[in-house]
Amino acid sequence: MTPVRTRFAPSPTGRIHLGNLRIAVFNHLFTRHHGGAFVLRIEDTDAGRTRPGALEQILDDLRWAGIEWDEGPDIGGPYGPYRQSEREALHRTAAERLLAEGRAYRCDCSDERIEVARSDPDFQGPGCPGGCRDQRKEVGTIRFAVPDDEVEIVDAIRGEVRFHGRDVGDFVLLRADGRPTYNLAVVVDDIAMEITHVIRGAGHLSNTPKHHLLFEALGAVPPVFAHLPTVLGDDRKKLSKRADSASVGELRDRGFHPDGVVNYLSLLGWSPGDDREVLTREELIESLTLERVGASDTVFDPEKLLWCSEQHIQQMPVDELVEALRPHLPEGISDTRLPLLVDALRTRLRTFDDIRDAIELIDPPATVLAEGWGEIRREGAEGIVHEIREELAALEAFEAEEIGQCIRKRGKEIGARGPGLFHPVRLALMGTRSGPDMGKVMAALGREKVLARLTGPSDPP
Ligand code: GLU
């Protein structure tokens, strides 16, 4: 069996968005599942649309998502991606070969003339309106002569898809100035790179008959095509067409767990066939096959994306979580306190960046703490808070478990329990009535801070 070879072929026109990353994710997981090779090819033939810095960002975003590619020019260390712009000579040779073999022809019809002709229902055949096919012209674009016949493709997701040559129409391979088109470059490169599976968005389905015909004309076996279902936004518009669709860089800055993002994207059109929704990367690799990809459109759900990120964060071992949180921490958090803080606050994290709000919750501004004490006084609960303070001052091991037990024990002695006990203490500690586990929060804040807060402000507001 030929080893599986796939490619991800982004254009460096800007930051990749979630829709692009999803294509990379499916290709990558599928390839790993089969132990094949995953190729990264930058489609940068349109110099006018290439944005400086975009290539570096694409590479950064892919690395962040844990999508590494297997080959490419050796740039001293990791592989560089293939760049389509460096392969133009190959593309041109292929076009000239097709021209010499009579599978393509020179054409000087303007785009406009072709468009007008094709919109006329009486226009016959795939050829150009100028009849250039038979005229052996010397100049002009090189156009592929599409057979006036059916083109049948078996898509791994959609099954048989039929097109007619008349609807496909003769298409340009090489522009008049000698630049190869996307359709030519993609096929020549897929052949050279021995790509076995082309997994891409459904938007490319209409290009596929052209690609299929080119593969055959160039004497190559067409790859397996698999067109993933379209992702729609909640307004039912295509996600890829929406200006506000999140870029991968944005999610990264906001501290989404990359495995959560990859996991969520894999569920857009695929499911493992059981009730699992949270899957590790290894589990995804093990279970992702094209048979389980559906053909119908799927809807992007930003809440579920957050949820997936949260699930993956909750599964992290503390030491890994501490490291992942580091770039998102406010100034002045000491290394020794960090694991305790993480232990106290991890249940509140949907993204790594949520750590900021969580820290602010247990370390609120003085005004919030003063308001908390205002409520305690109105309820006449100062006594309870001071009793607890006394007990905690004498506690030997100032650790989460012991702190919790100590609060309950003293509460029982003074006849306070449940909200009657915990609300006043929490109000004094954080200025709120609810929040993360109090023993853990106290352990994270440290005895000194806790005792000061349970003492309350010296002059009541
Ligand atoms: N450069 C194309 C894109 O970004 C890839 C086309 C393909 O996969 O064939 O959509």
Side-chain angles (χ1 to χ4, degrees), residues 4-31 36-51 54-55 57-59 61-62 65 67 69 72 81-88 90-91 94 144 153 155-158 161 163 168 171-173 179-215 218 220 222-231 238-242 245 247-248 265 268-269 290 293:
V4 163
R5 291 177 59 84
T6 62
R7 77 322 192 259
F8 176 53
S11 305
T13 52
R15 294 210 84 152
I16 51 175
H17 56 75
L18 278 179
N20 304 122
L21 186 62
R22 167 176 171 259
I23 303 294
V25 161
F26 273 83
N27 275 288
H28 193 246
L29 296 174
F30 173 80
T31 311
F38 173 72
V39 170
L40 175 61
R41 184 172 76 217
I42 304 296
E43 307 218 316
D44 57 352
T45 46
D46 192 347
R49 291 182 60 225
T50 296
R51 232 198 48 202
L55 169 62
Q57 280 179 336
I58 291 174
L59 304 187
D61 286 346
L62 289 176
I67 296 180
W69 52 99
Y82 292 109
R83 291 168 199 243
Q84 208 159 46
S85 58
E86 291 167 359
R87 310 172 55 82
E88 281 191 16
L90 266 173
H91 307 150
F144 185 75
I153 287 143
D155 183 280
I157 296 168
R158 279 144 221 277
V161 191
F163 299 86
V168 176
F171 56 94
V172 177
L173 301 174
R179 282 183 304 128
T181 58
Y182 154 72
N183 287 317
L184 173 66
V186 103
V187 173
V188 171
D189 285 350
D190 283 346
I191 293 174
M193 296 173 184
E194 299 177 343
I195 301 302
T196 58
H197 293 74
V198 169
I199 305 173
R200 59 187 173 189
H204 281 294
L205 194 56
S206 60
N207 290 322
T208 307
K210 300 177 186 170
H211 298 173
H212 181 91
L213 290 168
L214 270 181
F215 271 99
L218 290 167
V224 174
F225 288 102
H227 289 88
L228 299 177
T230 302
V231 184
K238 270 192 187 182
L239 196 68
S240 56
K241 296 273 187 290
R242 281 173 45 148
S245 97
S247 74
V248 176
L265 293 177
L268 288 174
L290 292 177
V293 178

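Bear in mind that the values here come from a model prediction, so they are computed numbers and not experimental data. Quick note: numbers below take in every heavy atom, side chains included, and nothing from hydrogens, waters or symmetry partners. Every number for a ligand or one of its atoms is a count from 1 in the order of the listing.
- Salt-bridge formation is not detected for the pair Arg49/Asp44: no Lys NZ or Arg NE/NH1/NH2 atom is positioned less than 4.0 Å from an Asp or Glu carboxylate oxygen.
- The single protein non-hydrogen atom nearest to atom 10 (O) of ligand 1 is His204 NE2, 2.8 Å, given as residue, atom name and distance.
- Between His211 and ligand 1, no pair of N/O atoms sits closer than 3.5 Å.
- Ligand 1 has at least one atom lying under 4.0 Å from a heavy atom of Arg7.
- The shortest N/O to N/O separation between Val186 and ligand 1 does not fall below 3.5 Å.
- Phe38 and His28 have perpendicular rings, their planes meeting at more than 60° on a 0 to 90° scale where under 30° would count as parallel.
- Proximity of Arg7 to Val198: side-chain heavy atoms (C-beta onward) are separated by under 4.5 Å at one or more points.
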Practice item. In sequence, state the C-alpha distance, the side-chain angles, and the governing distance for Val248 and Leu62, and then conclude on side chain to side chain contact (heavy atoms under 4.5 Å, CB included). Key: CA-CA 9 Å; Val248 176; Leu62 289 176; over 6 Å; no
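- Residue Tyr182 places a heavy atom less than 4.0 Å from ligand 1.
- Considering Ala9, Gly201, Pro12 only, the shortest heavy-atom separation from atom 1 (N) of ligand 1 involves Ala9.
- Of all atoms in ligand 1, listed by their number and element, those nearer than 4.0 Å to a heavy atom of Arg200 are 7 (C), 8 (O), 9 (O).
- Residues His197 and Pro223 have side chains not in contact (no heavy-atom distance under 4.5 Å, counting atoms from C-beta outward).
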For His211 and Tyr182, what are the C-alpha separation, side-chain angles and deciding distance, and is it a ring-ring contact (aromatic ring centres under 6.0 Å, His included)? CA-CA 10 Å; His211 298 173; Tyr182 154 72; 5.6 Å; yes
